[in-house]
Amino acid sequence: MSNIAGTKSSLTWAVHLSLAALVLLWLFPTVGLLVSSFRTSDQIASTGWWKAMVPSEQNLTLRTGGADDQIQKDGNFVIEGNLFGEPGDAVISVWGTSSRAISDYKAGETAELKKGTSVTVQGNGDYVMQSPEEISGKRGQRIFATAKTPPEFTLKNYKYVLFDPSNREGMAKAFFNTLTVTIPATIIPILVAAFAAYALAWMDFPGRALLIAAVVGLLVVPLQLALIPLLKLHNEIGIGKGYLGAWLAHTGFGLPLAIYLLRNYMVGLPRDIIENAKVDGATDFQIFTKIILPLSFPALASFAIFQFLWTWNDLLVALVFLIDSTGDTTVMTKQIVELLGTRGGNWEILATSAFVSIAVPLGVFFAMQKYLVRGLLAGSVK
Amino acid sequence: MHPALQAILTIIIGVGGCVGYFYFSNQFLDKVLFPGKGPNAGRNITRANMIRPWLFLMPALLALGVYLAYPVVETLRLSLTERLPGGESQFVGLANYQQMFAEPKFWEAMSNNMMWLLVVPAMSTVFGLLAAQLSDRVRWGNLAKSLIFMPMAISFVGAAVIWKLVYDARPVGQDQIGVLNALYMFFGGTEPKNWLTMIGPNNYLLMIVLVWIQTGFAMVILSAALRGIPEETVEAAIVDGANPFQVFFKIKVPQIMGTIVVVWTTITIVVLKVFDIVFAMTNGQWETQVLANYMYDKLFRANDWGVGSASAMIIMLLVSPILVWNVYNARKEMQ
């Protein structure tokens, strides 16, 4: 659109910059969650995640060793060691021995304490405490230090959320439950819908147009309407709350879109192929399984992705049809909502749990985006 | 039985059952009921072909009937009845609706939902159109598009967590870990705000989450529509001296108006059903109630099926114009 000489370059730059700004804006919240899931709870609580990439300055309260650690050296009592346990990446810039004066000394300087005791702290946390008399006090001297810690990331959160058997709020079980709901709920409607879509696309019978209209209508019926009547029905026929109910519900709710997408696609297949097959004596069943089904693969894939994302991300159907009072069949979305209530402040757990549940759909999304886009284009009622 | 085993078994039974049903019912039709051989071969084949479509359709029709059509009728019935102790129910006319209309919480949900209906489709469409147009002629446009599209794959619950972190507040004096408060303090705010409890703005902060998710959808559809605009119309406008903005607003937008309407209505339906975001972020507290969450409250917390069904019918009522419009268009297209 900008082929007018002279205006092109500045406009192009504006386009690039605004698009970049838009993309960053859209990416920013998700990246925040991802970065947070690799930080310790202390880090998350003390600085914003966007500062995680650069070294952060923290005020720490540390302790020297206690009286048990002292040794005698040249007539003095000496405690030596490192404030961080062992020299790490953190660098102390200033420090002090009282909470009211936390920056009295620079790294490498020596502080005089009571009774001739002195303590020297190095930048890497090494300290030497000397005293002419025996040092008392089991807990050691407090050192208030301002230290710069380099960016540090940890996999501990993931270990805790996924693999810690003592963690009752872990995601491992919910992950498998979600998977258990999702896979049958994705495969079964495809098959049911494919046959129906073929009939609606290529078979002649009275009432066909009416049925197609009905499918288009059902496409937008809010599933909220189905909750109580179906729960009642499930209880009456003995399914109750459980996987079977959830699978059936997802199948029912997914069907209109599946039929609609597949019919639209199948109608567009070349008429010649189907008529030639008929002339050659193929039955409708054969035409469907041997010709239509393989040719419809892109539409099948589109719907499969939709249904997968929808069932994986679903909360409402799981709450109503799946999760009973024992909570054994809880899914990840429900687990996260629960964590939001009980662990509202523990961002390391929340972020990690959320990312565990997001990771799979994101993978599917990036791997099969082509089919998703195609499905969207075909699925929005024109 | 272990759920994973149960799932595999379900897949086998489900898929096997479907395939078996279709195969054997067709066999039965062709071989037993109306064999395409013998004295009546011609008549039989015609008859079999009259029945076959219904064989193909039956499982789908059954599922659609039980899981979507029947609930609409049943919900309507429930909304006109009241449960009595002992499992009986009694016809009460419009009493449930009257009771609901007398509740301030219902009107709060209604007015919030109306705001959602105005803001979310509009913002998503505008941002989607912007992203589609900007990425149209840029070499890294496809990458940009897939990054803006990405939130579509994230669950509403996941998005709620993501945005709760953005809105997080820490006490004064501490480093803010929520981006919004960090920016607010950076630009001279005196004390961090608990955004989600601020009546008024909090509704819009929830809407942003859905806009963030739906923009990608709008962008994908509109981007395809922009590509479909005939080059000549754009070139003719440029030759006539139109500037890029005129080309966009006067030439391109009018030509994709039909698609914009489709995007708008599709997002409208999503908005009417929005539940998870509110449920996970505020649960309708601080005047952020919406219809779907109000209904869930009534059905499963208050256990009031009558009023719950009545509010579900309100959602259905709001969806119906779009339903009629879609059916009308689909029928027109088929003719």
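Below, read A as the first sequence line, B as the second, and so on, with proteins coming before strands; counting in each chain starts at 1. Quantities reported herein were computed from a predicted structural model and do not represent experimental measurements.
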To check you understand the geometry: which heavy-atom pair defines the closest contact between A:Leu362 and B:Ala153, and what is its length? CD2-CB, 4.1 Å
The reported gap from CG in A:Leu319 to CG in B:Asp276 (rounded to nearest 0.5 angstrom) is 8.5 Å
Which atoms of B:Leu61 approach chain A - backbone, side chain, both or neither, heavy atom under 4.5 Å: side chain
Report which part of A:Leu179 has an atom under 4.5 Å of a heavy atom belonging to chain B: side chain, backbone, both, or neither. neither
Contact class of B:Val261 relative to chain A, heavy atoms under 4.5 angstrom: neither
To the nearest 0.5 angstrom, please state how far the CG atom of A:Leu225 sits from the OG atom of B:Ser79. 9.5 Å
If I measure from the heavy atoms of chain A, does B:Leu78 come under 4.5 Å with its side chain, its backbone, both, or neither? side chain
Among A:Ala214, A:Gly32, A:Ser353, A:Pro256, which has the most heavy-atom pairs under 4.5 Å with chain B? A:Pro256
Nearest atoms (heavy-atom pairs only) where B:Val319 meets A:Val220: CG1-O, 3.4 Å
I'd like to verify something: which residue of B:Leu272, B:Leu76, B:Leu130, B:Val220 has the highest number of heavy-atom pairs under 4.5 Å with chain A? B:Val220
Nearest non-hydrogen partners of B:Asp168 and A:Trp347, listed with the distance: OD1-NE1, 3.1 Å
Could you check if a side-chain atom of A:Asn313 sits within less than 4.5 angstrom of a side-chain atom of B:Val157, using non-hydrogen atoms only? no
With only heavy atoms counted, which part of A:His234 is less than 4.5 Å from chain B, the side chain, the backbone, both or neither? side chain
What part of A:Ile358 gets within 4.5 angstrom of chain B, counting heavy atoms only: side chain, backbone, both, or neither? side chain
Measure A:Ala249 against the heavy atoms of chain B and call it side chain, backbone, both or neither at under 4.5 Å. both
At a heavy-atom distance under 4.5 Å, which candidate from A:Ile187, A:Leu316, A:Ile336, A:Leu34 has the highest pair count against chain B? A:Leu316
Best-contacting candidate, A:Leu315, A:Ile188, A:Ile228, against chain B by heavy atom pairs under 4.5 angstrom: A:Ile228
Measure the CZ-NZ distance between B:Phe279 and A:Lys334 for me, rounded to the nearest 0.5 Å. 6.0 Å
Set of residues satisfying ring pair (Phe, Tyr, Trp, His ring centres under 6.0 Å) with respect to B:Tyr23, sequence neighbours excluded: A:Phe285
Between A:His16 and B:Trp140, which heavy-atom pair has the shortest distance, and what is it? ND1-NE1, 3.0 Å
Structural part of B:Arg52 lying under 4.5 Å from a heavy atom of chain A: both
In terms of heavy-atom proximity below 4.5 Å to chain B, should A:Ser36 be classed as side chain, backbone, both, or neither? side chain
Less than 4.5 Å to any heavy atom of chain A: does that hold for the side chain of B:Met150, its backbone, both, or neither? both
Engaged part of A:Ile212 at the chain B interface, taking heavy atoms whose separation is under 4.5 Å: side chain
Portion of A:Thr251 that has a non-hydrogen atom of chain B nearer than 4.5 angstrom: neither
So, the part of B:Trp212 with a heavy atom under 4.5 Å from chain A: the answer is both
Check whether A:Phe355 gets within reach of chain B through its side chain, its backbone, both or neither, counting any heavy atom under 4.5 Å. neither
Pick from A:Val221, A:Thr329, A:Asp314 with the largest number of heavy-atom pairs that fall under 4.5 Å of chain B: A:Val221
Using a 4.5 angstrom heavy-atom cutoff, name the option from B:Val166, B:Leu165, B:Leu147, B:Thr259 with the most pairs to chain A. B:Leu165
Got more than 12 heavy atoms from elsewhere within 6.0 Å of CZ, A:Phe176? no
So, for A:Pro222 and B:Lys273, which heavy atoms are closest and what is the spacing to 0.1 Å? CA-CD, 3.7 Å
Report the residues that fulfil side chain to side chain contact (heavy atoms under 4.5 Å, CB included) with A:Ala201, sequence neighbours left out, ordered by chain and then residue number. A:Arg263, A:Met266, A:Val267
Could you tell me the separation between the CG atom of A:Leu233 and the CD atom of B:Glu74, rounded to the nearest 0.5 Å? 9.0 Å
Segment of B:Ile154 engaging chain A (4.5 angstrom heavy-atom cut-off): both
Checking heavy atoms, do the side chain of B:Val72, its backbone, both or neither come under 4.5 Å from chain A? both
Within a radius of less than 6.0 Å around OH of B:Tyr328, do more than 12 heavy atoms belonging to other residues, nucleotides or ligands occur? no
Name the region of B:Pro59, side chain, backbone, both or neither, that has any atom closer than 4.5 Å to a heavy atom of chain A. both
When the 4.5 angstrom heavy-atom criterion is applied to B:Val324 and chain A, the contacting part is neither
Decide yes or no on side-chain contact (heavy atoms from CB on, under 4.5 Å) for B:Leu68 and A:Leu255, but give the supporting numbers first. CA-CA 10 Å; B:Leu68 285 165; A:Leu255 268 182; 5.9 Å; no
What part of B:Phe22 gets closer than 4.5 Å to chain A, counting heavy atoms only: side chain, backbone, both or neither? both
B:Ile314 CD1 to A:Gln224 CD distance, which is reported to the nearest 0.5 Å: 13.5 Å
Just give me the residue among A:Phe288, A:Phe253, A:Phe308, A:Trp202 that pairs up with chain B most often, heavy atom to heavy atom, under 4.5 Å. A:Phe253
Between A:Pro189 and chain B, which part of the residue has a heavy atom less than 4.5 Å away: side chain, backbone, both or neither? neither
Any chance you could measure B:Phe217, atom CZ, to A:Leu372, atom CG, to the nearest 0.5 Å? 10.5 Å
Contact part of A:Ala196 toward chain B, heavy-atom cut-off under 4.5 Å: side chain, backbone, both or neither? both
Is chain B contacted by the side chain of A:Ala20, its backbone, both, or neither, given a heavy-atom distance below 4.5 Å? both
Residues A:Val192, B:Met58; criterion side-chain contact (heavy atoms from CB on, under 4.5 Å); working and verdict: CA-CA 9 Å; A:Val192 174; B:Met58 184 122 85; over 6 Å; no
Tell me which of these, A:Asp204, A:Leu218, A:Val360, A:Leu231, has more heavy-atom pairs under 4.5 Å with chain B than the rest. A:Leu218
Under 4.5 Å heavy-atom distance to chain B, tell me which part of A:Ala193 shows up: side chain, backbone, both or neither. neither
Minimum heavy-atom distance between A:Val337 and B:Ala280, given as atom pair plus value: CG2-CB, 4.1 Å
